[in-house]
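Note that these values count all heavy atoms, side chains included, but never hydrogens, waters or copies made by symmetry. Only a predicted model underlies this, so the values are computations on that prediction, with no experimental measurement involved.
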Amino acid sequence: MRCIRVGVIGAGGVAQVEHIPNLLKLSRQFKILGVYDPSPKVRGFVGEEFGLETFSDLDALLAMPLDAVVIASPDALHREQSLAAFARGLHVFCEKPLCYSAADIDELIAARDRAGKVLQVGYMKRFDPSYEAALNMLPGTARTLRYVSVEVNDPDAWPFIRHASTCRGDDVAAGLIASTEAKQREQVDRAVPGIDDPDAFRGFVGPYASSIVHDVNAVHGLLDALGVADGDIVGASLFAKGEGGQGTVRLLGGQALWTMAHVAIPRLPDYRERITLYFDDASLELEFPSPYLNHQPTRLTVHTGDGHTLSSRDIRSGYEEAFVEELKGFWSAIVEGAPVRNTAEHARRDMTLLAGLARHHLAQPKQSGVRP
């Protein structure tokens, strides 16, 4: 079995809890040659916790004899770091969002194609065994689809990583933080020109681009399985001071509707993420656990009707961990030439929709004041 030599770029929460441990577990497929992070505290933690060589300079990591990189850095750095990896002839696994704007993703697609390398986006839900099962047991067709619902409430990671050993990189140089924030502002402005309201900006980069993007990608896969084309945006709202995002898409010329909502509930230690498809006489629901609760199955339930008779099936397809399976998929695409499941083109489609939702929100008349 060929072992891929990999460098990890960015060692924040998702790298500490998921990517680094999972790469180490997959020791027959991956060997981590080094980890880059600008935080001295995080580098010290990674070296002690995982026994890995760390780098304070990205070019030094990229100069190692790597085959691929796993990018888990702040979102605004994904573009430049992916380009740097392709320039050195490396395969790239990049966390979502790949980039904020379609134009920036197009640049990465061109760089990928010039390099002839794999680019996979970190949409792990596509590798969830319950999601894979859902694609094969949709209880209806495009002709009978009526409604798609996405609903997520999320306190962030804190209740679900207490058991994990982690380190917060709170010692990054102020100048680097300011530079990254400036890059984020520039990139978001390319995606959603004129997004000057701080709450709208926060809503686009948070609830939309960093959170509900997972569900948008998953729903796009389900709609593709049904043969349902992209729809028209008919509603959107960024709310809760930028900690909530909602959108509505008309499908099949108005035959069906897709609504989505994500809201942070910061002091409620509860996570719920549901995707439900309703058909004329059936429904399919996926209820995902917090992504940090490894090997906890996603609940897949199919309800069907026959006259007055309701039948419900709970389907359990396995206990495979989606974060692990996506890395296996990355390896398989590199070594075996398997199709890339989460492509840059998928990310472009997802971010085009989310940027469109943000623009729709900005186009609505602003209301001031709060009713008593």
Residue pair D75, S210: steps toward the side chain to side chain contact (heavy atoms under 4.5 Å, CB included) verdict: CA-CA 8 Å; D75 300 345; S210 185; 4.2 Å; yes
Chi angles and distances behind the side chain to side chain contact (heavy atoms under 4.5 Å, CB included) call for F323, V17: CA-CA 10 Å; F323 272 117; V17 178; over 6 Å; no
Show, in sequence, the C-alpha distance, side-chain angles and deciding distance for S311 and T304, and conclude whether the side chain to side chain contact (heavy atoms under 4.5 Å, CB included) test is met. CA-CA 5 Å; S311 299; T304 55; 3.6 Å; yes
Assess whether salt bridge (charged side-chain N to carboxylate O under 4.0 Å, His left out) is satisfied between R185 and E181, documenting all intermediate values. CA-CA 6 Å; R185 168 61 63 179; E181 289 175 347; over 6 Å; no
Might you work through the ring pair (Phe, Tyr, Trp, His ring centres under 6.0 Å) test for F93 and H19, ending with a clear yes or no? CA-CA 11 Å; F93 176 100; H19 293 318; 5.5 Å; yes
Run V324 and N294 through side chain to side chain contact (heavy atoms under 4.5 Å, CB included) and show every step you take. CA-CA 9 Å; V324 174; N294 290 344; over 6 Å; no
Begin with the C-alpha distance, continue with both residues' side-chain angles, and end with the deciding distance and a verdict on salt bridge (charged side-chain N to carboxylate O under 4.0 Å, His left out) for D104 and R79. CA-CA 7 Å; D104 286 350; R79 171 181 166 273; 3.8 Å; yes
Under the side chain to side chain donor-acceptor pair (under 3.5 Å) criterion, do T343 and Q120 qualify, and how do the steps go? CA-CA 5 Å; T343 67; Q120 180 176 319; over 6 Å; no
Full working for side chain to side chain donor-acceptor pair (under 3.5 Å) between Q184 and Y100: CA-CA 9 Å; Q184 183 183 52; Y100 293 117; 2.9 Å; yes
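You'll find the side chain of Q364 stays beyond 4.5 Å of the side chain of L362, heavy atoms only. Contact check for M351 versus P97: side-chain heavy atoms found under the 4.5 Å cut-off. Residues T301 and R313 are not in side-chain contact: their nearest non-hydrogen atoms beyond the backbone lie 4.5 Å or more apart. Using a 4.5 Å heavy-atom threshold, the side chains of V172 and S39 count as touching.
No donor-acceptor pair closer than 3.5 Å links the side chain of W331 to the backbone N or O of C3. Using a distance-only test at 3.5 Å, with no hydrogens or angles considered, no donor-acceptor pair links the side chain of D37 to the main chain of V42. With hydrogens and angles ignored, the 3.5 Å screen pairs no side-chain donor or acceptor of S332 with any backbone N or O of K328. Side-chain atoms of R274 do not come within 3.5 Å of backbone N or O of V150 as any donor-acceptor pair. The main-chain N or O of R143 is found under 3.5 Å from a side-chain atom of T141 such that the two form a donor-acceptor pair. Within the 3.5 Å criterion, the main-chain N or O of A218 finds a donor-acceptor partner in the side chain of Y131. Within the 3.5 Å criterion, the main-chain N or O of V263 finds no donor-acceptor partner in the side chain of Q246. In this structure a side-chain-to-backbone donor-acceptor pair under 3.5 Å is present from D197 to A200. Counting only distance, with no hydrogens or angles, the side chain of N22 and the backbone of E18 share a donor-acceptor pair below 3.5 Å. A donor-acceptor pair is defined here as one N or O able to donate and one able to accept, closer than 3.5 Å; no such pair exists between the side chain of H78 and the backbone of C99.
With respect to the salt-bridge test (charged N to carboxylate O, under 4.0 angstrom), the residues D314 and R316 do not qualify. Using a 4.0 Å cut-off between charged side-chain N and carboxylate O, E80 and K183 make a salt bridge. Using a 4.0 Å cut-off between a side-chain N of Lys or Arg and a carboxylate O of Asp or Glu, R250 and D232 qualify as a salt bridge. A salt bridge is absent between R272 and E151; no separation between the charged side-chain nitrogens and carboxylate oxygens falls under 4.0 Å. A salt bridge links R112 with E345: at least one charged nitrogen is closer than 4.0 Å to a carboxylate oxygen. The residues R349 and D224 are annotated as salt-bridged, a charged nitrogen and a carboxylate oxygen being separated by less than 4.0 angstrom.
Within 6.0 Å of the CZ atom in R202, the count of heavy atoms belonging to other residues, nucleotides or ligands exceeds 12. The number of heavy atoms from other shown groups lying within 6.0 Å of CZ (R168) does not exceed 12. With a 6.0 Å radius and a threshold of 12 heavy atoms from other residues, nucleotides or ligands, R2 has its CZ atom above the threshold.
Atom CZ of F279 and atom OH of Y147 lie 14.0 Å apart (nearest 0.5 Å). How far NE2 of H91 is from CG of D67: 7.0 Å, rounded to the nearest 0.5 Å. Atom CG of D113 and atom CG of L108 lie 11.0 Å apart (nearest 0.5 Å). One distance of note links CD1 of I275 with CG of D215; it measures 4.5 Å at 0.5 Å rounding. The OH atom of Y278 sits 13.0 Å away from the CG atom of L257 when rounded to the nearest 0.5 Å. Expressed to the nearest 0.5 Å, how far CG of L52 lies from CD1 of I32 amounts to 5.0 Å.
Both tests hold for R341 against F127: distance to the six-membered ring centre under 6.0 Å, angle to the ring axis within 45°. No cation-pi contact links R5 to F30, judged by a cut-off of 6.0 Å to the six-membered ring centre and 45° from its axis. The cationic group of K125 lies under 6.0 Å from the six-membered ring centre of F288 and within 45° of the ring axis, placing it in a cation-pi geometry.
Residues F55 and Y36 place their aromatic rings such that the two centres sit no closer than 6.0 Å.
A pairwise comparison of heavy atoms in Q81 and S73 identifies OE1-OG, 2.5 Å as the closest pair. A pairwise comparison of heavy atoms in R43 and T54 identifies O-CG2, 3.5 Å as the closest pair. Nearest heavy atom pair, residue A85 against residue V69, reads CB-CG2, 3.7 Å.
Classified by interplanar angle (parallel below 30°, tilted 30° to 60°, perpendicular above 60°), the ring pair H220/W258 is perpendicular.
The residue from V8, I9, L77 that alone fulfils the side chain to side chain contact (heavy atoms under 4.5 Å, CB included) condition with I71 is I9.
Residues H303 and S312 bring a donor and an acceptor atom of their side chains to less than 3.5 Å of each other.
No continuous path of ILVMFWY side-chain contacts below 4.5 Å connects M124 to I334, so the two sit in separate hydrophobic clusters.
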